[in-house]
Amino acid sequence: VASSVPVEFWCRAREAVEKVRPGCIWLAETVHGGFGQFARKSGMYSANDYDMFQAFDMEYEYDVREVFDRYLKGETNLSNYIDVINFQECAYPANYIKMRCLENHDQPRICSFVKDRLSLTNYTAFLYFLKGTTLLYAGQEYMEDHVPSLFDKDVFRREEDKDISPLFAKLYSFKKEVLSHEDHFKGRAEDANHIAILERDDNRMRKVGVFSLKGMSAEVKVDLPDGSYINQLNGNIVAVADGKIICD
């Protein structure tokens with residue numbers, strides 16, 4: 001866990017590695033915010049995520065993970081989670097990169113919380129739209145809800161009717177071709193219907209994502225001129241009228 005080692009060491013290590021293997025990408029497994037607080041209270045060293053960017057190109061998003069987990073459990077609202085993602089935009093260096101995920105080897109499967117395919121599609125598209133790089137965990141493409149052992153052979157199930165890898169491929173192309181790391185990000189939520197409205201803007205093109213995380217339909221305000229737009233996921237026409245769209 002990179003946060004437990006002094007940042008000065010990582011800076012020196014990066015300089016040394018660059019001499020023999022230039023161009024490496026440095027990824028830090030940083031810690032949950034709650035653990036960082038506990039460490040400091042206990043007198044243990046724990047570097048904060050801002051300082052870690054001195055040495056690393058990319059970091060885990062554990063600084064906001066606890067809020068996401070509480071949202072999944074119904075313990076907080078969606079706005080709180082969107083707010084902490086917005087805070088990352090002003091708290092970190094302009095070129096910061098967070099590694100985004102719905103699940104990983106240390107976290108519960110997203111399908112242990114999200115049971116219907118429509119909501120899962122929205123969560124997955126939401127993940128790819130976030131600023132940063134996207135991490136997929138083995139079995140996620142088959143809607144796996146079983147957390148495998150880290151130490152024993154534990155092969156995930158491949159049920160063809162649960163194969164959502166074509167969705168991943170389409171979202172990957174969109175992220176690669178349309179979204180830019182130079183984008184400015186901001187988001188908000190309509191808590192009553194569990195709908196996230198995210199914007200990315202590089203001052204040349206604005207991209208708006210509307211994600212219904214509980215599969216609910218509602219009229220949603222969007223910061224776009226009235227007119228017709230193309231839904232990049234399915235090719236359907238989306239009409240904006242009076243600054244609103246129907247999220248169906």
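Since we're looking at a predicted model, the values are computed, not measured.
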- Could you check if a side-chain atom of Ser165 sits within less than 4.5 angstrom of a side-chain atom of Tyr142, using non-hydrogen atoms only? no
- State, with a plain yes or no, whether a side-chain heavy atom of Arg188 is found less than 4.5 Å away from one of Asp83. no
- Are Leu135 and Phe113 connected in the hydrophobic side-chain network, where two residues link if heavy atoms are under 4.5 Å apart? no
- Query: What is the distance from atom NZ of Lys214 to atom CG of Leu118, rounded to the nearest 0.5 Å?
  - Reply: 13.0 Å
- Task: Classify the side-chain pair Ser119/Asp116 by whether it contains a donor and acceptor separated by less than 3.5 Å.
- Result: yes
- Under 6.0 Å between ring centres, would you say that holds for Tyr81 and Tyr71? no
- Within the side chain of Lys115, is there an N or O that forms a donor-acceptor pair under 3.5 Å with the backbone of Cys111? yes
- Message: Could you check whether any side-chain heavy atom of Thr134 comes within less than 4.5 Å of a side-chain heavy atom of Leu136, counting everything from C-beta outward?
- Response: yes
- Is there a donor-acceptor contact under 3.5 Å from the side chain of Asn231 to the main chain of Leu233? yes
- So, are Asp63 and Lys98 salt-bridged, with charged N and O less than 4.0 Å apart? yes
- Under 3.5 Å, side chain of Thr121 to main-chain N/O of Arg117, donor-acceptor pair present? yes
- Query: Is the shortest side-chain N to carboxylate O distance from Asp202 to Arg204 below 4.0 Å?
  - Reply: yes
- Evaluate the side-chain proximity of His146 to Phe156: yes if any heavy-atom separation is below 4.5 Å, no if none is. no
- Output yes when a side-chain donor or acceptor of Glu61 lies under 3.5 Å from a complementary backbone atom of Arg100, and no otherwise. no
- Task: Using only heavy-atom distances, determine whether the side chains of His194 and Asn77 contain a donor-acceptor pair under 3.5 Å.
- Result: no
- Message: Working to the nearest 0.5 angstrom, can you tell me the gap between Tyr137 OH and Asn104 CG?
- Response: 7.5 Å
- For atom CZ of Phe38, is the number of surrounding heavy atoms from other residues, nucleotides or ligands below 6.0 Å larger than 12? no
- Tell me, with the steps shown, if Asn203 and His184 meet side chain to side chain contact (heavy atoms under 4.5 Å, CB included). CA-CA 8 Å; Asn203 296 321; His184 301 286; 3.8 Å; yes
- For this output row, return yes or no: ring centroids of Phe174 and Tyr128 closer than 6.0 angstrom. no
- Interatomic distance, Glu199 atom CD to Lys186 atom NZ [nearest 0.5 angstrom]: 4.5 Å
- Message: If you count heavy atoms of other groups shown closer than 6.0 angstrom to CG of Leu150, is the number above 12?
- Response: yes
- Message: Is there a side-chain contact between Gln140 and Glu103 in this structure, where contact means two heavy atoms from C-beta onward sitting under 4.5 Å apart?
- Response: yes
- May I ask you to check whether over 12 heavy atoms, not counting those of Ile25, lie within 6.0 Å of atom CD1? no
- Query: Any side-chain heavy atom of Glu29 sitting closer than 4.5 Å to one from Asp106?
  - Reply: yes
- Flag yes if Leu179 and Val222 sit in one hydrophobic cluster, no otherwise; membership is Ile, Leu, Val, Met, Phe, Trp, Tyr, and two members link when side-chain heavy atoms are under 4.5 Å apart. no
- Check: Asp183 main-chain N/O paired with Lys131 side-chain donor or acceptor under 3.5 Å: yes
- Does Phe9 share a hydrophobic cluster with Val17, counting links as ILVMFWY side-chain heavy atoms below 4.5 Å and allowing steps through other members? yes
- Using the ring-ring contact (aromatic ring centres under 6.0 Å, His included) rule, take Phe53 and Tyr92 through it: C-alpha gap first, then chi angles, then the decisive distance, then the call. CA-CA 8 Å; Phe53 275 118; Tyr92 296 129; 5.6 Å; yes
- Ion pair Arg109/Glu144, N-O distance below 4.0 Å: no
- Item | Minimal non-hydrogen separation, Val31 against Ser46, with atom names | CG2-OG, 3.8 Å
- Can you measure from CG (Asp57) to SG (Cys24) and round to the nearest 0.5 angstrom? 9.5 Å
- Task: Give a yes or no on whether Ile85 and Ile110 share a hydrophobic cluster (residues Ile, Leu, Val, Met, Phe, Trp, Tyr; joining criterion: side-chain heavy atoms under 4.5 Å apart).
- Result: yes
- Message: Checking Arg206 against Asp223 for the salt bridge (charged side-chain N to carboxylate O under 4.0 Å, His left out) test, could you report, in this order, the C-alpha distance in whole Å, the side-chain angles of both residues, the deciding distance, and whether it holds?
- Response: CA-CA 10 Å; Arg206 184 187 303 167; Asp223 185 16; 3.6 Å; yes
- Between Phe56 and Ala2, what is the shortest heavy-atom contact and its length? CZ-CB, 3.9 Å
- Query: Are Arg65 and Asp69 ion-paired here, with the side-chain N under 4.0 Å from a carboxylate O?
  - Reply: yes
- Item | Smallest separation among heavy atoms of Met143 and Lys162, with atom names | CG-O, 3.5 Å
- Query: CG of Leu171 to CD1 of Ile164: how many Å apart, nearest 0.5 Å?
  - Reply: 9.5 Å
- Query: Any donor and acceptor pair, going by atom type alone, linking the side chain of Asp154 with main-chain N or O of Ser149 inside 3.5 Å?
  - Reply: yes
- Task: Treating Ile, Leu, Val, Met, Phe, Trp and Tyr as nodes and any side-chain heavy-atom pair under 4.5 angstrom as an edge, say whether Val67 and Tyr62 lie in one connected cluster.
- Result: no
- Message: Tell me if a side-chain donor or acceptor on Gln37 pairs with a main-chain N or O of Phe35 at a distance below 3.5 Å.
- Response: no
- Message: Please evaluate residues Glu190 and Ile197 with respect to the criterion side chain to side chain contact (heavy atoms under 4.5 Å, CB included), reporting the C-alpha separation (whole Å), side-chain torsions for both, the decisive distance (0.1 Å), and the verdict.
- Response: CA-CA 8 Å; Glu190 296 198 357; Ile197 302 96; 3.8 Å; yes
- Message: Test side chain to side chain contact (heavy atoms under 4.5 Å, CB included) on Lys175 and Leu127; report intermediate values, then the result.
- Response: CA-CA 10 Å; Lys175 190 176 185 79; Leu127 170 69; over 6 Å; no
- Task: For the residue pair Glu177 and Tyr172, establish whether any side-chain heavy-atom pair is separated by less than 4.5 Å.
- Result: no
- Message: Tell me whether Glu89 contacts the main-chain N or O of Asn86 through its side chain, where contact means a donor paired with an acceptor under 3.5 Å.
- Response: no
- Within the side chain of Arg14, is there an N or O that forms a donor-acceptor pair under 3.5 Å with the backbone of Ala55? yes
- Note on the structure: Nearest heavy-atom approach of Val147 to Pro108 is CG2-CA, 4.2 Å
- Measure from the side-chain N and O atoms of Asp242 to the backbone N and O of Lys244, and report whether any donor-acceptor pair falls under 3.5 Å. no
- Message: Under the criterion side-chain hydrogen bond (donor to acceptor under 3.5 Å, both in side chains), I'd like the reasoning laid out for Ser217 against Asp248: C-alpha separation, chi angles, the key distance, then a yes or no.
- Response: CA-CA 5 Å; Ser217 299; Asp248 59 2; over 6 Å; no
- Do you know which two heavy atoms are closest between Cys247 and Val220, and how far apart they sit? CB-CG2, 3.9 Å
- Query: Does a side-chain heavy-atom distance below 4.5 Å link Glu66 with Phe68?
  - Reply: no
- Provide the closest heavy-atom pair for Ile82 versus Ala189 in the form atom of the first, atom of the second, distance. CG1-CB, 4.1 Å
- Message: Walk me through whether His181 and Ile97 qualify under side chain to side chain contact (heavy atoms under 4.5 Å, CB included).
- Response: CA-CA 8 Å; His181 184 61; Ile97 302 175; 3.4 Å; yes
- Rounded to the nearest 0.5 angstrom, the OH-OG distance for Tyr60 and Ser3 is 11.0 Å
- Output, in order, the C-alpha distance, side-chain angles, deciding distance and verdict of salt bridge (charged side-chain N to carboxylate O under 4.0 Å, His left out) for Asp201 and Lys207. CA-CA 6 Å; Asp201 191 340; Lys207 287 79 68 170; over 6 Å; no
- Task: Answer with yes or no after comparing the ring centroid distance for Phe129 and Phe211 against a 6.0 Å cut-off, counting only values under it.
- Result: yes
